[in-house]
Protein chains: 2
Amino acid sequence: MSSNASNSQSMKGSFKHDLFAQFARVGKALSNGNRLELLEFLAQGERGVDELARISGLSVANTSQHLQQLRQAGLVLSRKEGLKVYYRLSGDDIITLLDALRGVAERHVADVERLVNTYLTVKDSLEPIPRDELLERVKHDLVTVLDVRPPEEFAAGHVPGAVNVPLDELEQHLKTLDPEQEVVAYCRGPHCVLAFDAVARLREKGLKARRMQDGFPEWKQAGLPVEEGE
Amino acid sequence: MSSNASNSQSMKGSFKHDLFAQFARVGKALSNGNRLELLEFLAQGERGVDELARISGLSVANTSQHLQQLRQAGLVLSRKEGLKVYYRLSGDDIITLLDALRGVAERHVADVERLVNTYLTVKDSLEPIPRDELLERVKHDLVTVLDVRPPEEFAAGHVPGAVNVPLDELEQHLKTLDPEQEVVAYCRGPHCVLAFDAVARLREKGLKARRMQDGFPEWKQAGLPVEEGE
DNA sequence: CAACTATTCAATAAATCAGTTGAATAGAAG
DNA sequence: CTTCTATTCAACTGATTTATTGAATAGTTG
């Protein structure tokens, strides 16, 4: 909170200290699971407070407070339109940061691996398909791409040619799928369970299903083509 | 801390919740300035507890406790040798994560820019030189590279051809420098003040001095050549 | 202008965290 | 075996964090 200006020797320690304290503010914003979940939702696109409260299962007041912490840390920006306040990530580098965090946790925290393996029975058998490989196959119409996110998120941007099939509508769409053609599902990010779940169910039905590497935010950030609207 | 195994519907929420809680543990480790400073020191190489306590200005007990939090978050590993316990980063991806954190803070937290500008008078006038550009010039012997870190850190690894000149010895080395040849200084990382300070002083003396982009950990991680020893 | 809505603010209790101090441990050296 | 040293553990205080609750605010709608 304190700040003095000078270029003398003795300032160095305090400058350094203050600087690390600022970095720590960003770290602190990432130190709570609910906030990380909010960030993941925001990585899909702009969202209102009530909407975020609903998907995250938090109270509106609590959600609002977390969002303000995120804003103070510089991770999100807000925009007011009539009654509603819309929040969004303050830049694409936030996605990079979140992926770095996920990656480190995945590689170095033993519990994460245990969790993932426990839930997914055998994660490796799901062999995620890399983004650029998928793009190649989409071009040649070799795969059906399923976007298993809710319609709003789909409308805000999705992989070109993808079909929006929210998880609970999966059963109805089963007949329309060619059992010979490979299906690739994706959702919000590398650990979004929707895609895992969709692939598991499709496989149960005997379809050739795989998961796309990571999720839509990473696809977009990689500079790959994006389609919008219905 | 809790964990149940199942692949049913109802597990999804809790799985997701647990997963974000794990990621948050890593975030929490990054939520304290002292821990970030310790990580920066460790990015230079392996260090003992007492050494870390000394450079960071914390008590030994306090340092030990922070280190254990870092270990629990999977960010550092330790190794016991005789009486001493040596800590090191658990992987190069930790440096990536720290840089992502720094970058986000720099770009989105207004206070960071203010701090940097205040201390450095005019940061931009110091125009840091990119790593690969520097490597090119070193090869052709067009620049003198100064490593302004302490001798121990220099010995553990440095940019090839760099001269180790700790900041307090800078004055004595001034005469040995060719006033026509450009000097490039670097130290521990993008915000390590040592290099900023060295460049500022060299410029005062009329020398052509610049700062290298980032610091040694980033250089090493970029896969550029590293020289060791005296 | 009155009623309503989405969001934020303020106050609170329980939980967690940071830093200090002094004791406990494990290995080294005499 | 005793002494010394580097590190960790345990207990404690004060500060900070989380989530809840109810009130306050700002903007919309009738």
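Residue numbers begin at 1 in each chain, while the letters A, B, ... track the order of the sequences. Note that these values count all heavy atoms, side chains included, but never hydrogens, waters or copies made by symmetry.
Side chain of A:Glu218 to backbone of A:Gly215: a donor-acceptor contact under 3.5 angstrom is found. Of the possible donor and acceptor atoms, none in the side chain of A:Asp93 sits under 3.5 Å from a partner among the backbone N and O of A:Thr96. Distance alone, capped at 3.5 Å, places no donor-acceptor pair between the B:Tyr87 side chain and the B:Leu38 backbone.
In this structure, B:Lys28 reaches the C:dC17 phosphate: one of its side-chain N or O atoms is under 4.0 Å from OP1 or OP2. Listed pair A:His66 / D:dA19 meets the phosphate criterion, a side-chain N or O lying under 4.0 Å from OP1 or OP2. For A:Asn32 and D:dT17, the shortest distance from a side-chain N or O to OP1 or OP2 is not below 4.0 Å. Put simply, B:Tyr87 has a side-chain N or O that comes within less than 4.0 Å of OP1 or OP2 on D:dT8.
Within residues 44-58 of chain B, no residue places a heavy atom under 4.0 Å from DNA chain C.
As judged by a 4.0 angstrom heavy-atom cut-off over every strand, B:Tyr86 is placed among residues making no nucleic acid contact.
Rounded to whole Å, atom C1' of C:dC17 lies 10 Å from atom CD of B:Gln65.
Taking only side-chain atoms of A:Gln69, from C-beta outward, the nucleotide of C:dG27, D:dT17, D:dT18 with the closest atom is D:dT18.
In terms of the salt bridge (Lys or Arg N to Asp or Glu O under 4.0 Å) criterion, A:Glu228 has no residue partners (sequence neighbours excluded).
Salt bridge annotation for B:Asp92-B:Lys220: absent, with no cationic side-chain nitrogen under 4.0 angstrom from a carboxylate oxygen.
Considering CG of A:Leu36 and CD of B:Gln22, their distance stands at 11.5 Å, rounded to 0.5 Å.
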